[in-house]
A.B. asks: 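First the structure, which I've put down as structure tokens, then a few questions once you've had a look.
Naming: A, B, ... by sequence-line order, numbering from 1 per chain. The figures that follow rest on heavy atoms only: side chains count, while hydrogens, waters and symmetry mates do not.
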Amino acid sequence: MVSQTLTPPETPAAARFPMSQVVTRFAPSPTGYLHIGGGRTALFNWLYARGRGGKFLLRIEDTDRERSTPEATAAILRGLTWLGLDWDGDVVSQFDRKDRHAEVAHEMLTRGTAYKCFATKEEIEAFRAAHDSYAVFQSPWRDADPASYPALPYVIRMKAPREGATVISDEVQGIVTFQNDQLDDMIVLRSDGTPTYMLAVVVDDHDMGVTHVIRGDDHLANAARQTMVYDAMGWTVPVWAHIPLIHGPDGKKLSKRHGALGVEEYQAMGYPAAGMRNYLTRLGWAHGDAEIFTSDEAKAMFDLAGIGRAPARLDFKKLEHVCGQHIAMTPDAALLQEIEAFLVARGEPALTQGQHARMLKGMYCLKERAKTLPELLEKARFALISRPIGRDEASAAALDTVSRGILKSLTLQLQNATWEKAELESILTAAATEAGIGFGKLAQPLRAALAGRTATPSVYDMMLVIGRDETIARLSEAAD
RNA sequence: GGCCCGUUCGUCUAUCGGUUAGGACACCUGGUUUUCAACCAGGUAAGAGGGGUUCGACUCCCCUACGGGCUGCCA
């Protein structure tokens, strides 16, 4: 029988399951792309499980056949994969488990913790009209004699306690108490025999051995209802951790007008996955003053206690800063690989061997000046282009008659240089002195000649990366 | 309407009854400089409001304001 008041077990929630058995899950409904908030929820679950040698499972909540699409499922999987959040085992389809859900609903029936309700939607509306419009519906079939059951479609409703309270012990929100008279006899099995979310989620979490439910705090009230289902089946209630939702920069609920909502949009904008993980981890969670860290460090540090209770706002400036830090600390080869994947995802042509080699050679001076991949690619322009060099307006203007003359004489002087930075430095400074101009004045036409842009890496770095022949060729081209 | 949650610099946050309320991003100033960055040094900037409790409250309690969630045969 259902107890009148459901209270948390004596032992602290987190201690109910041995650490070695931590099982978390991410359970999105496939009705669109992977939302940035969903990505963070998945990240928290992943970090918690991975940091404790536990399992991170993935379940697609596709019981709503009207709104669920395979395309959305594919998009969610792509988003998670890009974020680097790997899950254990197969992806579970909730819809595939509908027979099991129905089985549990019927077991609740035999246990007397649920009942068949033959009330029609019209009757429910009539009930509300007769009471106040927010009244909790009370089914007349709750205690009806089965002998009186009509031969009509019915739903199975949870026989929820009407007195007392249901208490949730949440790792983020603390102890939250819901009066049972606020909670209705929720439907667990629809008249067409399919399960509702409230039943399916509990059955699946139980069957999958989920120990920690980390999800958005829009589910906080649901935790009370779900606790009733666990109790009705005599199952162990998991550890709850309801995390605040992410808001837009204006503090309002995140919506389309805030710009990027989908994880894949961030990928398309060229934020590196490691930077996204770092930023998202710090959004609503803190560990002292830790700001920039690797995923391994995050796994080791992450805990439920560090999760804040207030909704956090998205701040693109900080996202960029964090991403810039990660770009700078990523090993050259790995970074180049990520850039090439980015190019492919964008549908742009792959790098040629020459471009690849020059990028790798110049990565040292590129990765410390970019916050996003496109920004890095722009800085790397000098290493990617080939003659004839296309120039923007400002750089073309830098190539006036005087400058071209200087570049022309430089091509001769560079002919026999050893191509060491020190020697290039002395040649160029001497040239500037000779021309009676500061080095800055000489650097401008050099940038225009080498990259066709006015903002580039150091002229020495560019010369070193593209080599003597190409440097001289570009200077000659610009001088003519 | 009812129930529930939240509120520290502009933003993300530290603090877990006693601090000059700390860090990071952003911003401002200076430095470095070869453009753009990066980098270095310094600076501006916060406990929503009102009541309590206490020797002492950002921290505990209550009220108010504001924001959010739930209140579906959606998830």
A.B. asks: Walk along nucleotides 57-70 of chain B from 5' to 3' and tag each nucleotide B, S or - by protein heavy-atom contact under 4.0 Å, base first, then sugar-phosphate.
C.D. replies: -----------SSS
A.B. asks: A:Trp141 CH2 to B:C73 P: how many Å, rounded?
C.D. replies: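 Checked: the CH2 to P distance equals 18 Å.
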A.B. asks: What N/O pairs connect the protein and nucleotides 48-50 of chain B at under 3.5 Å? Give each pair on its own line.
C.D. replies:
none

A.B. asks: Nearest of B:A75, B:G10, B:G23 to any side-chain atom of A:Asp315?
C.D. replies: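 Selected nucleotide: B:G10.
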A.B. asks: Just compare B:C73, B:G23, B:C12 and give me whichever is closest to any side-chain atom of A:Ala312.
C.D. replies: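 Closest nucleotide to the A:Ala312 side chain: B:C12.
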A.B. asks: Using side chain to side chain contact (heavy atoms under 4.5 Å, CB included) as the criterion, point out the one residue from A:Ile156, A:Val155, A:Leu109 that pairs with A:Leu189.
C.D. replies: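 Of the listed residues A:Ile156, A:Val155, A:Leu109, the side chain to side chain contact (heavy atoms under 4.5 Å, CB included) partner of A:Leu189 is A:Ile156.
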A.B. asks: Identify each donor-acceptor pair in which a side-chain atom of residues 308-319 of chain A lies under 3.5 Å from a protein atom, sequence neighbours left out, and give them as a table.
C.D. replies:
residue	atom	partner	partner atom	Å
A:Arg313	NH1	A:Pro249	O	3.3
A:Asp315	OD1	A:Lys317	N	3.1
A:Lys318	NZ	A:Glu291	OE1	3.2

A.B. asks: Only pairs with both distances under 3.5 Å count, Watson-Crick or wobble alike; so what is the partner of B:C9 in this structure?
C.D. replies: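 Pairing partner: none.
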A.B. asks: Could you please name the partner base of B:U20, counting Watson-Crick and G-U wobble pairs only when both distances are under 3.5 Å?
C.D. replies: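 Per the H-bond distance test, none.
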A.B. asks: Looking only at non-hydrogen atoms, find the nearest pair between A:Pro457 and A:Phe382 and report the distance.
C.D. replies: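 Residues A:Pro457 and A:Phe382, closest heavy atoms: CG-CE2, 3.7 Å.
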A.B. asks: Please list, in numerical order, the residues of residues 272-288 of chain A that have a heavy atom closer than 4.0 Å to any atom of RNA chain B.
C.D. replies: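 Result for residues 272-288 of chain A: A:Arg282, A:Leu283, A:Gly284, A:Ala286, sorted by number.
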A.B. asks: Which residue pairs satisfy the salt bridge (charged side-chain N to carboxylate O under 4.0 Å, His left out) criterion with at least one member in residues 215-227 of chain A, sequence neighbours excluded?
C.D. replies: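 Only A:Asp184-A:Arg225 qualify under salt bridge (charged side-chain N to carboxylate O under 4.0 Å, His left out).
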A.B. asks: What integer number of Å spans the P atoms of B:U8 and B:G67?
C.D. replies: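 To the nearest whole Å, 15 Å.
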A.B. asks: Restricting to ring-ring contact (aromatic ring centres under 6.0 Å, His included), what partner residues turn up for A:Trp87, sequence neighbours left out?
C.D. replies: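 Not a single residue meets the ring-ring contact (aromatic ring centres under 6.0 Å, His included) criterion with A:Trp87.
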A.B. asks: Take atom CZ of A:Arg309 and atom C1' of B:U13, then tell me their distance rounded to the nearest Å.
C.D. replies: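 The answer, rounded to whole Å, is 11 Å.
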A.B. asks: Let me know the distance between CG of A:Asp181 and C1' of B:G1, rounded to the nearest Å.
C.D. replies: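 It works out to 15 Å between those atoms.
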A.B. asks: Identify the heavy atoms of A:Leu376 and A:Met359 that sit nearest to each other, and give their distance.
C.D. replies: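 Shortest heavy-atom separation between A:Leu376 and A:Met359 comes out as CD2-CE, 4.1 Å.
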A.B. asks: When the C1' atoms of B:A14 and B:U59 are compared, how many Å lie between them, rounded to an integer?
C.D. replies: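 Roughly 13 Å separates the two C1' atoms.
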A.B. asks: Please state the P separation for the pair B:A46 and B:G52 - nearest whole angstrom.
C.D. replies: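 B:A46 and B:G52 have their P atoms separated by 26 Å.
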A.B. asks: Whole angstrom is fine here: how far is it from CD1 in A:Ile187 over to P in B:U71?
C.D. replies: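 Value for this atom pair: 13 Å.
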A.B. asks: Considering only atom C1', compute the distance from B:A26 to B:C62 and round it to an integer number of Å.
C.D. replies: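 So the two C1' atoms sit 38 Å from each other.
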A.B. asks: What closest approach, in Å, do A:Asp62 and A:Gln94 show between heavy atoms, and which atom pair accounts for it?
C.D. replies: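 Minimum heavy-atom separation between A:Asp62 and A:Gln94: OD1-N, 3.1 Å.
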A.B. asks: Assign A:Val176 to base, sugar-phosphate, or nothing according to its heavy-atom contacts below 4.0 angstrom with the strands shown.
C.D. replies: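 Answer is sugar-phosphate: A:Val176 comes under 4.0 Å of backbone atoms only.
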A.B. asks: By nearest heavy atom, map A:Ile124 and A:Ala310 onto RNA chain B; which one lands nearer the 5' end?
C.D. replies: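 Counting from the 5' end, the first nearest nucleotide belongs to A:Ala310.
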A.B. asks: According to the ring-ring contact (aromatic ring centres under 6.0 Å, His included) rule, which pairs have a member within residues 154-182 of chain A, sequence neighbours left out?
C.D. replies: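 The answer is A:Phe118-A:Tyr154.
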A.B. asks: To the nearest 0.5 Å, what is the distance between OG1 on A:Thr330 and CD on A:Glu338?
C.D. replies: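 One gets 6.5 Å once the value is rounded to the nearest 0.5 Å.
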A.B. asks: Which label fits A:Trp240 and A:Tyr230: parallel for a plane angle under 30°, tilted from 30 to 60°, or perpendicular past 60°?
C.D. replies: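 Ring orientation, 0 to 90° scale: perpendicular.
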A.B. asks: Could you work out, with salt bridge (charged side-chain N to carboxylate O under 4.0 Å, His left out) as the rule, every residue matching A:Glu477, not counting sequence neighbours?
C.D. replies: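 A:Arg391.
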A.B. asks: Can you tell me the distance, in whole Å, between the CG atom of A:Asp185 and the C1' atom of B:G72?
C.D. replies: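 Value for this atom pair: 15 Å.
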A.B. asks: Write out all pairs satisfying side chain to side chain donor-acceptor pair (under 3.5 Å) with one or both partners inside residues 97-106 of chain A, taking only residues at least two apart or from two chains.
C.D. replies: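 Output for this query lists A:Arg97-A:Asp204, A:Arg97-A:Asp207, A:Arg100-A:Glu103, A:Arg100-A:Asp207, A:His101-A:Asp204.
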A.B. asks: Considering all heavy atoms of both residues, which atom of A:Ile124 and which atom of A:Ala119 are nearest to each other, and what is their separation?
C.D. replies: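 Nearest pair, atom of A:Ile124 first, then A:Ala119: CG1-CB, 4.4 Å.
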A.B. asks: Quantified in whole Å, what is the C1' atom distance between nucleotide B:G50 and nucleotide B:C58?
C.D. replies: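 Those two atoms are separated by 16 Å.
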A.B. asks: Under the salt bridge (charged side-chain N to carboxylate O under 4.0 Å, His left out) rule, what pairs show up with a residue in residues 442-467 of chain A, not counting sequence neighbours?
C.D. replies: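 Found A:Glu378-A:Arg453, A:Asp392-A:Arg453.
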A.B. asks: Should A:Cys323 and A:Tyr279 count as side-chain neighbours, where that means a heavy-atom distance under 4.5 Å?
C.D. replies: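 With C-beta onward as the side chain, the pair stays apart.
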A.B. asks: What string of B, S and - do you get for nucleotides 27-46 of chain B, 5' to 3', when a contact is any protein heavy atom under 4.0 Å?
C.D. replies: -------BBBBSS-------
A.B. asks: Please give me every residue in residues 189-200 of chain A whose heavy atoms get under 4.0 Å of an atom in RNA chain B, ordered by residue number.
C.D. replies: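 Contacts with RNA chain B under 4.0 Å: A:Arg190, A:Ser191, A:Thr196, A:Tyr197, A:Met198.
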A.B. asks: Of the candidate nucleotides B:A75, B:C25, B:C5, which contains the atom at the shortest distance from the side chain of A:Gln173?
C.D. replies: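 The answer is B:C5, which lies nearest to the side chain.
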A.B. asks: Could you check whether the side chain of A:Gln182 and the base of B:G2 have a donor-acceptor pair of N or O atoms closer than 3.5 Å, going by distance alone?
C.D. replies: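 Check fails, no donor-acceptor contact within cut-off.
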A.B. asks: Applying a 3.5 Å limit to both distances, which nucleotide forms a Watson-Crick or G-U wobble pair with B:A41?
C.D. replies: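 Base-paired to B:U29.
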A.B. asks: Sticking with atom P, work out how far B:C9 lies from B:G72, rounded to a whole angstrom.
C.D. replies: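 Rounded to whole Å, the distance is 36 Å.
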A.B. asks: Under a 3.5 Å limit for both distances, which nucleotide forms a Watson-Crick or G-U wobble pair with B:U53, could you say?
C.D. replies: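 By the stated definition (distances under 3.5 Å), nothing pairs with B:U53.
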A.B. asks: Taking atom C1' in both B:G18 and B:A57, compute the distance separating them and give it to the nearest angstrom.
C.D. replies: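 To the nearest whole Å, 9 Å.
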A.B. asks: Under the criterion ring pair (Phe, Tyr, Trp, His ring centres under 6.0 Å), I'd like the reasoning laid out for A:His219 against A:Tyr197: C-alpha separation, chi angles, the key distance, then a yes or no.
C.D. replies: CA-CA 12 Å; A:His219 285 293; A:Tyr197 161 76; 5.6 Å; yes
A.B. asks: Looking at B:C36, which nucleotide sits across from it as a Watson-Crick or G-U wobble partner, both distances under 3.5 angstrom, or is there none?
C.D. replies: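 Answer to the pairing question: none, since B:C36 forms no Watson-Crick or G-U pair.
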A.B. asks: Taking atom P in both B:A38 and B:C25, compute the distance separating them and give it to the nearest angstrom.
C.D. replies: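 The answer is 11 Å between these two P atoms.
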A.B. asks: Please state how far atom CD in A:Glu291 lies from atom C1' in B:G22, giving the value in whole angstrom units.
C.D. replies: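 The distance from CD of A:Glu291 to C1' of B:G22 comes to 12 Å, rounded to the nearest Å.
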A.B. asks: Does B:G1 pair with anything, Watson-Crick or G-U wobble, both distances under 3.5 Å, and if so, with which nucleotide?
C.D. replies: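 Pair assignment: B:G1 / B:U71.
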A.B. asks: Would you say the side chains of A:Thr281 and A:Asn278 form a donor-acceptor pair under 3.5 Å?
C.D. replies: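 Their side chains do not contain a donor-acceptor pair, so the 3.5 Å distance test is not met.
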A.B. asks: Is the distance from OP1 or OP2 of B:G2 to the nearest side-chain N or O of A:Arg128 less than 4.0 Å?
C.D. replies: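 For B:G2, neither OP1 nor OP2 has a side-chain N or O of A:Arg128 closer than 4.0 Å.
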